[in-house]
Amino acid sequence: MELIITEKDNAARRIADILSGGTYDSSRQNGVNVYEWGGKRCVGLSGHVVGVDFPPEYSDWRDVEPVELIDASVEKTPTKENIVATLRILARKAERATIATDYDREGELIGKEAYEIVRDVNDDIPIRRVRFSSITENEVQNAFDEPDDLDFDLAAAGEARQIIDLVWGAALTRFLSLSAGQLGNDFISVGRVQSPTLKLIVDREREIEAFDPEDYWELFADLGKSDDGDAFEAQYFYRDDDDNEAERVWDEGTAESVFEDLSSRDQATVVDVNGRTRTDAPPTPFNTTQFIRAAGALGYSAQRAMSIAEDLYTAGYMTYPRTDNTVYPDDLEPDDLLDEFVGHPTLGEDAESLLEADEIVPTEGDEETTDHPPIHPTGEIPSRGDVSDDEWEIYELVVRRFYATVADAAVWEHLKVVAEAGDHRLKANGKRLVEPGYHEVYPYFSTSENYVPAVDEGETLTLSDVELEEKQTQPPRRYGQSRLIETMEDMGIGTKSTRHNTLEKLYDRGYIEGDPPRPTRLAMAVVDAAERYADRVVSEEMTAQLEDDMDAIANGDAGLEDVTDESREMLEAIFEELANSREEIGDHLRKSLKDDKRLGPCPECGEDLLVRQSRHGSYFIGCDGYPDCEFTLPLPSTGKPLILEAECDEHGLHEVKMLAGRQTFVHGCPLCKAEDAGEGPVIGDCPDCADEHGGELAIKTLQSGSRLVGCTRYPDCEYSLPLPRRGEIEVTEMTCDEHDLPELVVHSGDEPWELGCPICNYQEFQARESESGSDLEALDGVGAKTVEKLADAGIESLDDLTDADPDDVAADVDGISADRIRTWQAEA
DNA sequence: GCAAGGTC
């Protein structure tokens with residue numbers, strides 16, 4: 001019997017399918033799937049099934065000096081015991097074993113872990129290694145036709161990384177935690193990947209804090225051809241000292257005199273017209289980072305995007321989402337894949353138009369790796385009802401990205417016009433999309449045009465509406481999540497599988513908060529201390545060096561011990577420096593921890609109010625002057641409090657956010673909350689009486705416990721909107737364009753409920769009540785938005801739908817095809 | 001209980 005071992009269950013099943021021609025049987029042992037056919041068994045691991053750690057005598061943080069960890073031995077122990085046990089049983093019965101883990105360094109190490117488990121119970125069977133970079137018939141067959149041996153040097157390179165990461169991470173983490181007296185759940189962590197990432201965020205924050213804004217002015221005017229009314233906007237510019245075009249005027253007097261002069265004129269003469277054509281190449285195939293970035297532009301966090309991608313992968317709709325590769329493999333046939341989408345109600349039309357091209361040549365990125373193919377759809381298409389709205393949106397993104405990579409380039413025409421008015425010059429940059437190319441199948445990039453008419457040199461234009469705008473230079477912007485992940489990739493830290501988790505870790509550790517992430521005082525102190533005493537651990541150099549060392553091990557130029565010994569010596573030297581500064585570092589960290597808990601002045605004694613934890617673990621707000629001052633304020637019972645930048649105008653206290661995973665919500669100023677247990681925050685103007693009497697809407701809780709949005713002038717104004725009785729109500733920063741009120745989110749149970757603008761919500765509620773037209777929602781893939789669209793076309797019920805002419809409706813409604821309507825009619 | 005890397 002031959003035993004085939006893969007890195008994950010999914011790969012085991014697909015390989016069994018290919019090698020058995022679909023005839024395999026599957027069974028379950030110890031909760032592990034085993035696929036069996038004609039004398040072969042195939043089993044999937046779950047990544048690493050053993051992990052590295054120190055021996056148990058090092059496990060008590062207080063009994064062991066952190067420095068002792070440097071020379072402690074490092075042991076391997078099973079972490080997935082059921083998988084290891086199953087593997088041992090299967091290996092005993094095997095006559096040959098084949099390692100088929102992923103084709104990358106970590107895969108080689110996981111393969112070696114499997115090798116050792118097999119060898120341990122069966123010391124003479126042959127163990128071979130097969131390598132393939134995508135699980136397709138061709139690649140897998142070829143790999144099994146020409147098996148190779150395990151590359152122990154490559155695996156050793158991975159082991160060196162494991163040891164160095166553990167020793168540095170554990171020793172420094174324990175040192176900082178012990179010096180600050182943080183031993184419970186709130187230890188202070190440091191690591192080769194997380195710390196340089198944190199430094200990136202902290203460095204940017206330092207720039208922001210040090211930023212000194214400067215005033216400047218910009219001038220705009222409308223230009224127009226004298227024969228028609230269509231004006232276009234132009235901006236004033238001048239030549240700076242380096243003879244570059246500059247738009248910002250740094251002196252107010254100058255700005256005003258330019259303004260006066262331009263305002264006194266009504267004509268400008270065209271002095272330069274410059275048209276050029278620009279090709280806008282289609283994007284390259286998705287690797288993990290670029291996928292996260294594109295999903296980020298649709299509003300998905302890195303973590304959420306990856307979690308959805310994993311679900312779509314497991315369900316068979318798209319390829320493996322963790323990949324560095326941006327070059328499609330040879331055996332991906334774009335035509336065949338496009339064919340799978342032909343006839344699909346929403347994705348079919350674009351596939352058909354792409355298939356009309358004479359030749360289909362996909363784009364290629366710079367990274368060609370052996371790990372997995374770039375992310376693309378498999379050709380198995382989920383039906384709209386099988387997946388959630390978010391899953392569908394991500395799926396469509398992946399499909400359309402694939403479309404874009406086989407589509408034509410777009411072509412833009414740029415037109416720059418410079419006109420002169422007196423001594424001053426104005427310029428306008430027009431752009432027009434003349435060939436939409438890939439934008440037609442990939443609508444995620446902006447294609448907005450800027451109108452500038454064709455003019456001739458020497459032509460006289462009208463000049464009007466001169467505007468002078470006072471502005472200020474802005475501090476650099478914080479990194480967003482996807483920007484951070486891209487930067488990590490550029491710096492070479494983390495991997496395709498871990499970068500998004502690293503960010504999540506920084507959130508969990510209390511180092512960053514919000515989106516874009518902002519560092520806490522603790523984070524700044526940790527980076528500070530590391531920079532001063534252990535610069536390597538916050539620099540990308542450590543990874544760069546490690547990569548070089550790992551290459552040396554993999555090439556046989558160095559041994560694992562050479563590399564780990566040298567690394568241990570460096571850490572030893574760091575600890576010699578640290579020993580003298582333990583107290584100073586501890587003081588600084590403790591002070592920063594306190595800063596992160598400080599809300600503002602106590603209303604009774606003026607000392608600091610701090611977030612505290614009771615003996616039972618619940619959070620409350622207490623005074624730093626305790627026991628002299630016993631002032632306290634309550635906090636909600638769910639979640640972990642986080643102090644926001646925003647301060648309450650009335651009490652000078654920072655607002656509080658309760659972190660509770662998906663149930664996270666903003667609690668606000670705790671003193672306001674306590675004072676108006678009855679009357680909550682004002683959220684906007686009262687639509688009935690704001691103009692006449694200045695009434696405002698507030699969230700109120702009545703004696704009865706029921707809640708509503710009501711006018712602050714009650715009982716003089718009785719305007720009110722209902723709110724649900726249960727759950728914390730979060731007032732978000734998003735506002736409804738129509739009613740100028742914030743969107744509300746209700747937190748109760750598992751899923752936060754996005755109630756939205758309270759007026760819109762009430763109107764929808766009334767509409768549902770009076771029309772009961774929502775029986776349309778019973779149809780496959782029809783949600784509230786579609787119901788609204790259909791209502792615009794006069795379709796308010798299933799009866800209306802069955803009577804309607806699909807082509808008429810499709811013409812009336814944006815984004816709903818006649819075919820889709822016919823499908824619904826059949827369903828109805 | 002520490003890291004980072006797999007995978008779910």
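Here the structure is a predicted model, which is why all the values come from computation and not from measurement. So that the names make sense, note that chain A is the first sequence line, chain B the second, and so on, each numbered from 1.
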By the 4.0 Å heavy-atom rule, please label [X] as base, sugar-phosphate, or nothing.
X	answer
A/Val190	sugar-phosphate
A/Asp371	nothing
A/Tyr320	sugar-phosphate
A/Arg509	sugar-phosphate
A/Trp61	base
A/Gly494	sugar-phosphate
A/Thr502	nothing

> Toward the 5' end of DNA chain B, which comes first, A/Gly184 or A/Ser497, by nearest nucleotide?
Replying inline: A/Gly184

> Which sits closer to the 5' end of DNA chain B, A/Arg62 or A/Val193, going by the nucleotide each is nearest to?
Replying inline: A/Arg62

Within the structure, does a side-chain N or O atom of [X] lie under 4.0 Å from either OP1 or OP2 of [N]?
X	N	result
A/Ser189	B/dC2	no
A/Arg161	B/dG5	no
A/Thr495	B/dA4	no
A/Arg192	B/dG5	yes
A/Ser46	B/dC8	no
A/Lys505	B/dA4	yes
A/Gln194	B/dA3	yes

> How about A/Glu75: does its CD atom have over 12 heavy atoms from other parts shown lying under 6.0 Å from it?
Replying inline: yes

> Hey, is CD on A/Glu577 packed in by over 12 heavy atoms from elsewhere, all under 6.0 Å?
Replying inline: no

>> Assess, by modelled atom type and distance only, whether the side chains of A/Glu489 and A/Thr289 contain a donor and an acceptor separated by less than 3.5 Å.
In response: yes

> Could one point to a donor on the side chain of A/Asp9 or the base of B/dC8 with an acceptor on the other under 3.5 Å away?
Replying inline: no

>> Under a 3.5 Å distance rule, please check whether A/Asn287 uses its side chain to pair with a backbone N or O of A/Thr326 as donor and acceptor.
In response: no

> Are any side-chain N or O atoms of A/Thr487 and backbone N or O atoms of A/Arg483, one a donor and one an acceptor, separated by less than 3.5 Å?
Replying inline: yes

> From the list B/dC8, B/dT7, B/dG5, which nucleotide is the closest neighbour of the side chain of A/Asp102?
Replying inline: B/dT7

